[in-house]
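Numbering of ligands and ligand atoms starts at 1, following listing order.
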Amino acid sequence: MQELKPIYDITPETLIEYEGKIASIIWFAGCPLRCIYCQNSDMVGGEGVITEKEALEFLSSRKGWIEGMVLSGGECCMYDGLPSFCEKLKNMGLAIKVDTSGIRPKMALELAKNGLIDTIALDFKAQKDMFETITGANAFNLFERTLKGLLSIDFDFSVRTTVYPEYIDESMLSKMATELSLAGYDGVYTIQKAQTHNPTTFAGLPTSRKEFAISKIESNIPLSFSGF
Ligand code: SF4
């Protein structure tokens, strides 16, 4: 039987995607969402080209240098083999961060509860009434289940939102920060500007021309900003 190829690409080394660690990034192919600002449309709609075995062999060759792994995509949580893959990475002594939209709560929570990963960066795409506009899927309830599930256990995670100001403005972000705070989240909420110069974004978005002032965002949880 032909081995599965769930992985689209590997970034051998990053110093910025896993805070405090030298890490590699594994980009999983496929994602059920179609975010308007997504720049990874080839990866999201495409097939993987790398097997687990090939990825592990590559990472073994970097043993002693890499401290952490970022599992991203696409949506890595859609890969059914993720728990056993994480176990293998853990056996190599690697810390693991998962990037997810929270679209598959069962998987994210299984990984977190069973100690198979160390942290999650959870994308808060939009509030309920805007979620489908931003992602193309009526799936806010799945994100919410992941958020609430993570808050109900003792697990380190962070939340972030990508902003294209024509769709998500300062007042919406203030409401999103309030929603997080009311749910019990008190960690850092990262707000990052969508990079839309790539013509392959799903919605073909032009560079935003709308004025956007981070000082107008009201929040009682700590904010951090990227790309503004
Ligand atoms: S930006 Fe959206 S569509 Fe693109 S990989 Fe992330 S969740 Fe999927």
Completion exercise
Under 4.0 Å from one or more heavy atoms of L33, ligand 1 contributes atoms 3 (S), 7 (S)
Handout entry: Donor + acceptor pair across side chains of E179, Q127 (<3.5 Å)
Key = yes
Problem - K125 contact mode with ligand 1 (heavy-atom cut-off under 4.0 Å) - result: side chain
Practice task
On the 0 to 90° scale, with breaks at 30° and 60°, tag the F225-F228 ring pair as parallel, tilted or perpendicular.
Solution key: perpendicular
Practice task
Identify the residue among Y189, F124, Y185 that makes a ring-ring contact (aromatic ring centres under 6.0 Å, His included) with F157.
Solution key: Y185
Practice task
Give a yes or no on whether the backbone of G136 and the side-chain of R34 come within a donor-acceptor separation of less than 3.5 Å.
Solution key: no
Practice task
May I ask whether N40 has any heavy atom positioned less than 4.0 angstrom from an atom of ligand 1?
Solution key: no
Practice task
For V44, counting its heavy atoms only, list the atoms of ligand 1 lying under 4.0 Å from any of them.
Solution key: 4 (Fe), 5 (S)
Exercise for the section: Please determine if atom 8 (Fe) of ligand 1 has an N/O/S atom from C31 lying under 2.8 Å away. Expected result: yes
Fill in the blank from the handout: So for C35 against ligand 1, with non-hydrogen atoms under 4.0 Å, the contacting part is both
Practice task
Consider only side-chain N and O atoms of D123 and S101, and report whether a donor and an acceptor are under 3.5 Å apart.
Solution key: no
